[in-house]
Protein chains: 2
Amino acid sequence: MDVQRLELLRELADRGSVTAVALATHRTPSAVSQQLKVLEREAGLPLTQRQGRGLVLTDAGRSLARSATDVAVSLAKATALWDEFRNNATGDVSLVTFPTAGQMLLPGVIKNLQPGLVLNCADEDPELSDFPAFTAEYDIVLAHSMSGQLSWAGRGLTVVPLMTEPLDVGLPVGHPLADRAWVGPRDLIGETWIGVTDGYPFERILHAIEQEAGAHLSMSQRFADLALIESFVIAGLGIALVPRYTSGGGQPGRLVLKPLRGIESERQIVALMRPDRAERLAVRTVINLLRAEAAQVQQSHSAPH
Amino acid sequence: MDVQRLELLRELADRGSVTAVALATHRTPSAVSQQLKVLEREAGLPLTQRQGRGLVLTDAGRSLARSATDVAVSLAKATALWDEFRNNATGDVSLVTFPTAGQMLLPGVIKNLQPGLVLNCADEDPELSDFPAFTAEYDIVLAHSMSGQLSWAGRGLTVVPLMTEPLDVGLPVGHPLADRAWVGPRDLIGETWIGVTDGYPFERILHAIEQEAGAHLSMSQRFADLALIESFVIAGLGIALVPRYTSGGGQPGRLVLKPLRGIESERQIVALMRPDRAERLAVRTVINLLRAEAAQVQQSHSAPH
DNA sequence: ACGTCCATGTAGCCAACCTACACAATGCAT
DNA sequence: ATGCATTGTGTAGGTTGGCTACATGGACGT
């Protein structure tokens, strides 16, 4: 019973096609196919099944792939263990993030990286992409969700919460509500909103405000880019829900943030990983840096408040 | 990072010498030595260390060997999983036991073995041998100990309790105490005892009786074989502590058993296994049969009582 | 019907691992 | 003290297992 073959089966479960597995593991599709065939013969029962021109796992195959994850995890723990003995959190770690989290956390993390530890970052649009799926490609995936709602549950991924970021109401300077300490849902009736495109977590909060205030909110625009939304708010074209720690980066002092009371208004920023990758010492080190950075961001915003 | 090499390291931790590992894994010592050398180079730090003409593990080596066990366990779980899919608890299982447990449990177990599942049994003298060490050689090791006292703790072995067997006072027919329902420590003052050789669990109970009764017990003989002890008791040469379920096999009706009150007088019979072997479906099946048989033995003795 | 995309066979090459044998070091016995 | 057995380790060579390159056979879309 060979671990490499089990790993191949697990990759197939994650990526869905022999060719994709071959690409990811730097092999030819033929090699992958052969190894899977050997695994099937060893198992004595079909693990895969042709479907169209592709290949899908049988129940037995899926089940075996799951336990292959356990093997990979314990193996990763072993390597992490001797990395610790060598005190050697070295190597490459890859990371994807949605833009605002990257802007908020990554510069501080990269500054504190110890020598020999390389962090390769990329960003993706959370609206267009299935973020959990990136765990096949990247070691760490920074994703966000509304509090409580975990869209990536049940995929067998390791989830590390990094921080919860409040979503405030962004107002232009001079707005009638700008001198208030906080605002409630009823204060917001009649305002014009700059919204975000569908799928963003902000969407749900706006619906909650509508329910609580008992009125329909008028939505003038829908943008995906936060800086664009802020520029509209500053220009007095409406108000918007903006994440507290990442807003105002472009034009500081021109945007006023007010906490929203009466409604749970925050997003959770988490790190997603495949369980085996989460065990790597280098990855764990980066995660610790991310958590430290997140804590510092939160503290620096709460102290002067 | 190769699993086979890790496995070799773990075998070395268990068996203590390269030659023994080579013998156990059907390889030449040279092959083992080479693989360990590769593993060390991969790890980047010394895992073994010469001591005399032998070889011992360093701290790092021991630590890595421990995590190698986790790998082996998850791997065994995977194979057990697909064995379950095939509904195929087949293969060979090896077992050592001390004589009385084997006499009590094994015939019933072997009768109930499903076809294709082969159980190879052997017996060893618990006094002469280090039973936990047999887990390197056999899949299942049946051992006994006093209640609570687990001499094999901390070796990273899987322990499955099978039953607790009371130790009764064995008397010849016609003995003054033979019509009592039970006996206490003070009743036993002045009796002549047939003891067992050092190291047996019975030893400790006799000391406890001495303490409780406040008198010294006279010990006339010391034997290792239970049947021999019983024959002495029957002959009126003394009394002895005998396990309730396994005594009287040779000459039924000639030996009277009385429960001992006031002193915790029982031995625990357990199965010891290396954790990875414990995960094998065939092994788990045998363990279940052992537990069922043990329960039945206990029940059949308590019902007519 | 054709081209494309996917999985899978076949032949051959290469590397990893093992055996066989030799050798150094250590401990035990006479 | 001096053999002698035992232990671990090097070196040379053979065998096997897994990979690549290329060809084949279905399945889908146009």
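First the proteins, then the strands, lettered A, B, ... as listed; each starts at 1.
- Of the possible donor and acceptor atoms, none in the side chain of Thr97(A) sits under 3.5 Å from a partner among the backbone N and O of Leu142(A).
- How far CG of Leu75(A) is from OG1 of Thr69(A): 12.5 Å, rounded to the nearest 0.5 Å.
- In this structure, CG of Leu8(B) is placed 17 Å from P of dA16(C), rounded to the nearest angstrom.
- Using a 4.0 Å heavy-atom distance criterion, Gln35(A) is classed as a sugar-phosphate-only contact.
- In this entry the distance linking CZ of Arg41(B) with P of dC17(C) reads 10 Å, nearest Å.
- The footprint of chain B on DNA chain D, defined by a heavy-atom cutoff below 4.0 Å, extends from dA5(D) to dT11(D).
- Annotation: side chain of Leu157(B) is not in contact with side chain of Met273(B) (no heavy-atom distance under 4.5 Å).
- Distance, Lys37(B) NZ to dC18(C) P: 16 Å, rounded to whole Å.
- Residues Gln114(B) and Thr285(B) have side chains in contact (heavy-atom distance under 4.5 Å, counting atoms from C-beta outward).
- Contacts between residues 48-56 of chain A and DNA chain D, counted as heavy-atom distances below 4.0 Å, involve Gly52(A), Arg53(A).
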Checklist entry - Which is it for Asp14(B) and Arg274(B) under the salt bridge (charged side-chain N to carboxylate O under 4.0 Å, His left out) test, yes or no, and what are the steps along the way? => result CA-CA 10 Å; Asp14(B) 276 7; Arg274(B) 285 217 310 217; 2.6 Å; yes

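- Residue Gln4(A) qualifies as open at atom CD: its count of foreign heavy atoms under 6.0 Å is 12 or below.
- A donor-acceptor contact closer than 3.5 angstrom is absent between the side chains of Arg15(B) and Thr25(B).
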Checklist entry - Does the salt bridge (charged side-chain N to carboxylate O under 4.0 Å, His left out) test come out yes or no for Lys77(B) and Asp276(B), once each step is laid out? => result CA-CA 8 Å; Lys77(B) 272 185 185 164; Asp276(B) 54 325; over 6 Å; no

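- Contacts with DNA chain D (heavy atom under 4.0 Å) in residues 13-30 of chain B: Ser17(B), Val18(B), Thr19(B), Pro29(B), Ser30(B), listed by number.
- Here the CG atom belonging to Leu47(A) is positioned 10.0 Å from the CG atom belonging to Leu12(A), to the nearest 0.5 angstrom.
- When each of Gln34(B) and Gln4(A) is assigned the nucleotide of DNA chain D bearing its nearest heavy atom, the one mapping closer to the 5' terminus is Gln34(B).
- For the residue pair Arg27(A) and Ser33(A), no side-chain donor N or O sits within less than 3.5 Å of a side-chain acceptor on the partner.
- At a cut-off of 3.5 Å, with distance as the only test, a side-chain donor of Thr48(B) or Glu40(B) sits close to an acceptor on the other residue.
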